[in-house]
Amino acid sequence: MMRKTLVLFVFLMILGVLFCRPGSHAAEDGEALFNSKCGKCHTSGKSPVFAPVKYASSQWERFFKRNKHERKKDISEEVSEEEADAIKKYLIDHAADSDRPIAAGLR
Amino acid sequence: MIRKNIVFILAVLVFFSAAYPASAEDVVIDREVLEKILQRQDVLEQELERLKESLQKKDEEISAPVAPTEDIQVLKEDVEEMSERLDVVETKSILDKIQLGGELRTQMEFIDFDNIRLDGQERDGNTEELWSNRFRINLRSEITDDIIFQGRLSYYRYWGGTNYERGESSSRYFMNPDQEGDLYVERAYIDYFVPGTPFAITFGRLPTTNAPPYEFKNYTTRKATWSQLFVDGEFDGIIGNLSLEKWTGLKNAMFRVCYSKVGQNYKQYKGINLDPLRVAVANFDTEIPGMKNSLLWLGYYRLFDMIPFRIEGIPYPEDSGDMDVYAIHLQFDNIKNSGLGWFGSFGYNNIHPRSEGTELGPGYEVGMAGDSLHGDLGKKRNGYSVYTGLRYILPIESLKYPQIGFEYNYGSQYWFPVSTHDVGEFTNKLGINGSAYELYYVQPVAEKRMFCRIGAVYQDFDYIAPMYIYGSREGEDAKSNMTILQTYFLVDVRF
């Protein structure tokens, strides 16, 4: 009985892989973009330095939804929509309430 | 408009000055005309004066705009009110010293046993569907910038509060009875980052459960210090952490040494005279250059003076020997952004038993990994284990990027890990002396917050407990044909 369940499970999984519409893994590297694009200005002396943990994920969502950056500076020419999406994902993935890595001596 | 008027007036003035040159003596003007001109001049001068005043007024307005007094008053009141509210929120925020989080997992599983050896006979058996809950409370407090507390209280129990009865000798494979039932402290430790140095001290009940690569199937990130094959279980001790990132340029490079002591109350307990079991650990781990989200992990530990087999009234040694364990773990979470993750672990243990054992009868002594029945009390033994697996993130956005994974591990006859199990797993597949296979599918429901997993673990034993701490089995006596198939479905929610 258990073996049949297992076989069925594997079969369904293979079926799912074969027939589902594929998306893409080719997402931009959010961290690298964050460092290169955001880091240009948000370094000491210019604009306030900040890290993803500055806000919780819902606050980052709101930040992008309301395009809050535009109120201070329009960066649409420097950062494309795709890049902004990748940066947003990175910030949310590492937000204050995100699932952080844990190990001894790790901040 | 104003400027145009001024220009116009100036133009008129210039026109008149040109029309009536300075040598007025030579020009004859009708008196009436002259009076009209002078009147017109007066009018224009007045107009010019008026325009100047208007222009000056406008300039003053531009340089110092003034809002209506009532609006300013309303704004001031609003700001004061908001400031008062923020003070309340800030005070509460400062007093909220502990951040709380939680995890709840409900699991349903079937377990099918074949060829279990009972009373000298091999039997088959299976369970009905077993339901269980696992609940965790996660704690974190940033006491200062350099002192951080983290903890986890856990609870695990089958529905209805019934637990499976298992013998102590099998706790190496089956769930540790201590971890069932009541809420218990799974981890509670302080990280103290020595200011201005790359050094940190960690002490308390350490983060040593659910280690890499278990984050693959648990749909999460790294959650422990050691690798899963190396140590999985509650571990009290002190760790010295030295960050090597600045010196080596290797991201997250860290060297650690750890000291732990187990069973230190035995000398005071019922007059039992035993050496305390001490543990020393050294470990280095880092992200591999050029491989984002990778982990290279190396570790070594030594168990000093392991607890011997004891029977009241019968002579036994104060300890049964030492054991060394070496492990290496390599992990890539998402190879070249393809969605494919891979890990591989290798563990090796080296047992140094004492040649003195517990006297069970005339000429018959039992010691760690040795059995005088076979005439090999004190014989050194080595074991090893390999553990590898793949995890693929399916590129299906509409299904929130589900994952499939496969894991395989093998333990040789004398492989003896210091691990119990992942809380909630019925068996510790990494403690097997044989082969184990696991296949699973993870369906995210809410990103990193809720997921379902369906899977199966198949374990094929070559040996059944061939090497108890208190003795080993040899030959046919140790061999086993037992298999266990566990199929499960679980839902996990984090908040």
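Heavy-atom basis, side chains included; hydrogens, waters and symmetry copies ignored. Chain letters run A, B, ... following the sequence lines, proteins first, then strands; residues in each count from 1.
Side-chain contact check for B:E215 and B:Q331: at least one donor-acceptor pair (N or O, by modelled atom type) lies under 3.5 Å. A donor and an acceptor atom, one from each side chain of B:T202 and B:N241, are located under 3.5 Å apart. Remark: the B:R222 side chain and the B:N293 side chain contain no N/O donor-acceptor pair separated by less than 3.5 Å. Side-chain contact annotation: B:R494 with B:N138, donor-acceptor N/O pair under 3.5 Å absent. Looking at B:Y488 and B:R453, their side chains do bring a donor and an acceptor atom within 3.5 Å of each other.
Of the two parts of B:L206, neither the backbone nor the side chain holds a non-hydrogen atom closer than 4.5 Å to a non-hydrogen atom of chain A. With a 4.5 Å cut-off on non-hydrogen atoms, B:N283 does not touch chain A at all. Contacts of B:T221 with chain A are made by both backbone and side-chain atoms, with heavy-atom separations under 4.5 Å. With a 4.5 angstrom heavy-atom cutoff, B:K292 touches chain A only via side-chain atoms. Interface residue B:Y189: only side-chain heavy atoms are found under 4.5 Å from chain A. Heavy-atom distances place the side chain of B:E447, and not its backbone, under 4.5 Å from chain A. Looking at A:D97, both its backbone and its side chain come within 4.5 Å of chain B, counting heavy atoms on both sides.
Using a 4.0 Å cut-off between charged side-chain N and carboxylate O, B:K448 and A:D99 make no salt bridge.
Among the candidates B:K336, B:M254, B:R256, the residue making the largest number of heavy-atom pairs closer than 4.5 Å to chain A is B:R256. The greatest number of non-hydrogen atom pairs below 4.5 Å with chain A, out of B:R187, B:Q99, B:R140, is found for B:R140. Between chain A and the residues B:N252, B:L242, B:D285, B:T220, the most heavy-atom pairs under 4.5 angstrom are made by B:T220. Of the listed residues A:D93, A:I102, A:L106, A:I92, the one with more heavy-atom pairs under 4.5 angstrom with chain B than any other is A:I102.
Within the 6.0 Å centre-distance limit, the rings of B:F230 and B:W297 are counted as a close aromatic pair. A ring-centre distance under 6.0 Å is found for B:F451 and B:Y219.
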